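Report on the structure given below.
Keep in mind that what you see is a predicted model, and the values were worked out from it rather than measured. Proteins get letters first, then strands, A, B, ... in listed order; numbering begins at 1 in each.
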Amino acid sequence: MKYKAIKGTRDILPEEMFKRRYIENIARELFERWGYLPILTPVFEQTELFVRSIGETTDIVQKEMYTFLDRKGRSLTLRPEGTAPVVRAYLENNLKDFRNPTKLYYFMPMFRYERPQKGRLREFHQIGLEVLGARGPDIDAEVISILATYFEMLRISTYEVKVNTIGCRKCRASYTKKLRRYLKDSFEKLCVDCQFRYEANPMRAFDCKNRTCHSILNKAPQITDYVCDECQRHFEGVKHFLNISGTRFTVDKRLVRGFDYYEKTTFEVVSPLLGAQSAIGAGGRYDPLIADCGGEETPGIGFAIGVERLLLQLEEENVSLNSIPPVDVYVCYLGEDLLDKALEIVFNLRERGLSVDIDYAHRSLKGQFKVADRLKAKYVVVVAPEEEKMESVKVRDMNSGEEQIVKKEELAKTLMEIIHGG
RNA sequence: GUGACCGUAGCUCAGUUGGUAAGAGCGAUGGACUGUGGAUCCAUAGGUCGGGGGUUCAAAUCCCCUCGGUCACCCCA
């Protein structure tokens, strides 16, 4: 084979497409019931949008973006995440005048140049949701609880919702000083990554899995103990409203997000079943982002779910999803000269709304039945000379094996009745 | 970007110390059953042994490079 799907990408074949459509449909149904509307943004954007929103020093911007020049030398980037594009679209289209707050959801592919592993691809898909223009902790709780509700609707049970606050820019600045002061004494013991983080963003050290770092950070001052009064009140509010909504969650003081635009509330849904890439969904509040993108001061919050990880989780939990649906009727014909008659029936039944198929590979009758079986056909209609003489066909119930002769003029009605009516 | 393991038919795999082993099962197609599927039996098709180079009389097998996969680090959905 000459060509292959490029590293970290894959084809999504029919069987998986139906599973994806199922989880997508559940998301649509749920999100729209809660007042969220769909949006789709272009796969690429000006590189600058991502650099400024996600943050110059983040891994995504520094080494994971698919960035290229177009034919006029403009730098473009395949979107690595959904929030910045949605914010851009919100501002560009003045969506605040359409609905305020603006509640949106999306289902889009994302691109990151990473080394593929379980639950991590270079092209992957996210189901995401954003609320622009709502400031209070009540909306934070709504966003987190819709995420949890979604998992419940999918019958996922082995997961945990973690919630934290990372403070706003003001309180984070003073906290960062305190954290640096604490880390200074053990600086030599930190791993090289954390030594780098010490300067760039010391809070990220809480994510470090290095044992030494982990134990050092265990005794470090916690952001939750140092946030300003407003952030503290906000966080208490989030927990309060989460309790009202009946959402189960745990507070994880080590939960830090990787994008610069987050502040205050952060949250994550993790599963113990997925290996190293355990976050199925995650998000947070990003109040500074909209102003950073050139809009007026507007609060925002949202999350994204990794579709491939969600599918892995469903697999791990043995949740059975409908895949390729069976056909209602498979039409067989005995002899080439009855093809015309068979096709008339096929078109007629399709017009009535039944899913109908026929053999185009000129198989023997037995071969046609085998195909019917493989397609899980509920009924087979046989067009054959003997019945044709009586303007009739034979109808076989593929489950029971029972057969009956049916007048052609009554065929559609009869089939509609036994398939839908019964 | 780093490391470990792994690439043989559409799928799952077997292939001995390098020496007629290019093989099995499943699947596909056809037949036994000339008008009937899900069972059985038979037959057929399908492979540059991931790719390239090297060692050798001889390479799926040994060596090097490369591409890809898997998992972990890292990062994150």
Mind checking the [atom1] distance from [N] to [M]? Whole angstroms is fine.
N     : M     : atom1 : answer
B/U17 : B/C11 : C1'   : 32 Å
B/C67 : B/U40 : C1'   : 45 Å
B/U2  : B/U44 : P     : 50 Å
B/C13 : B/G3  : C1'   : 28 Å
B/C41 : B/G25 : P     : 10 Å
B/U70 : B/G54 : P     : 31 Å
B/A45 : B/A22 : C1'   : 16 Å
B/G30 : B/U16 : C1'   : 37 Å

Quiz item: 5'-most contact on RNA chain B: A/Gly306 or A/Arg396, nearest heavy atom basis?
Solution: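 First, find each residue's nearest nucleotide; the 5'-ward one identifies A/Arg396.
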Practice problem: Report the residue (A/Gly275 or A/Arg309) whose heavy-atom-nearest nucleotide on RNA chain B is the more 5′ of the two. | Solution: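 The residue closer to the strand's 5' end, by nearest nucleotide, is A/Gly275.
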Can you tell me how far the [atom1] atom of [X] sits from the [atom2] atom of [Y], to the nearest 0.5 Å?
X        : Y        : atom1 : atom2 : value
A/Tyr286 : A/Tyr262 : OH    : OH    : 8.0 Å
A/Ile301 : A/Arg135 : CD1   : CZ    : 12.5 Å
A/Thr67  : A/Leu78  : OG1   : CG    : 8.5 Å

Output the rounded distance in Å from [atom1] ([X]) to [atom2] ([N]).
X        : N     : atom1 : atom2 : result
A/Lys118 : B/C5  : NZ    : P     : 21 Å
A/Glu64  : B/C73 : CD    : C1'   : 14 Å
A/Asn399 : B/U36 : CG    : P     : 20 Å
A/Lys341 : B/G35 : NZ    : P     : 20 Å
A/Met398 : B/G37 : CE    : C1'   : 4 Å
A/Ile405 : B/U36 : CD1   : C1'   : 13 Å
A/Asp397 : B/G38 : CG    : C1'   : 14 Å
A/Leu365 : B/U36 : CG    : P     : 6 Å

Side-chain N or O of [X] closer than 4.0 Å to phosphate OP1/OP2 of [N]:
X        : N     : result
A/Arg363 : B/G37 : no
A/Arg120 : B/C71 : no
A/Ser364 : B/U34 : no
A/Lys366 : B/G37 : yes
A/Gln117 : B/A72 : yes
A/Lys7   : B/G68 : yes

Quiz item: With A/Lys408, which of A/Glu391, A/Glu344, A/Glu387, A/Glu388 fulfils side-chain hydrogen bond (donor to acceptor under 3.5 Å, both in side chains)?
Solution: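 When side-chain hydrogen bond (donor to acceptor under 3.5 Å, both in side chains) is applied between A/Lys408 and each of A/Glu391, A/Glu344, A/Glu387, A/Glu388, only A/Glu388 qualifies.
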Classify the nucleic acid contact of [X] as base, sugar-phosphate or nothing, counting any heavy atom under 4.0 Å across all strands shown.
X        : result
A/Lys394 : base
A/Phe259 : sugar-phosphate
A/Ile280 : sugar-phosphate
A/Arg115 : base
A/Leu121 : base
A/Glu387 : base
A/Glu403 : base
A/Gly82  : nothing
A/Gly401 : base

Exercise. Would you sketch RNA chain B in dot-bracket for me? Only Watson-Crick or G-U wobble pairs with both distances under 3.5 Å count, crossing pairs as [ ], other-strand pairs as |, the rest as dots.
Key: (((((((..((((.....[...)))).(((((.......))))).....(((((..]....))))))))))))....
Practice problem: Tell me, please, which residues at least two apart from A/Phe187 pass ring-ring contact (aromatic ring centres under 6.0 Å, His included). | Solution: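 A/Tyr198.
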Quiz item: Can you pull the ring pair (Phe, Tyr, Trp, His ring centres under 6.0 Å) pairs that have at least one residue in residues 118-161 of chain A, sequence neighbours excluded?
Solution: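 Non-adjacent pairs meeting ring pair (Phe, Tyr, Trp, His ring centres under 6.0 Å): A/Phe31-A/Tyr150, A/Phe151-A/Tyr159.
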Quiz item: Picking from B/A77, B/G35, B/G37, which would you name as closest to the side chain of A/Val382?
Solution: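 Of the candidates, B/G35 comes closest.
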Practice problem: Select one nucleotide: of B/G35, B/C74, B/A77, the one nearest the side-chain heavy atoms of A/Leu334. | Solution: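 Shortest atom-to-atom distance from the side chain points to B/G35.
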Quiz item: Are A/Glu317 and A/Leu273 close enough that some pair of their side-chain heavy atoms sits under 4.5 Å apart?
Solution: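 Yes, close enough: below the 4.5 Å cut-off.
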Quiz item: Should A/Ile144 and A/Thr265 count as side-chain neighbours, where that means a heavy-atom distance under 4.5 Å?
Solution: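 A/Ile144 vs A/Thr265: side chains touch.
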Quiz item: Which is it for A/Asp138 and A/Lys239 under the salt bridge (charged side-chain N to carboxylate O under 4.0 Å, His left out) test, yes or no, and what are the steps along the way?
Solution: CA-CA 9 Å; A/Asp138 44 358; A/Lys239 289 186 279 187; over 6 Å; no
Quiz item: Is it the case that A/Arg79 places NZ or CZ above or below the six-membered ring of A/Phe44, under 6.0 angstrom from the centre and within 45 degrees of the axis?
Solution: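 Relative to the ring axis of A/Phe44, which defines the angle, A/Arg79 lies outside at least one limit.
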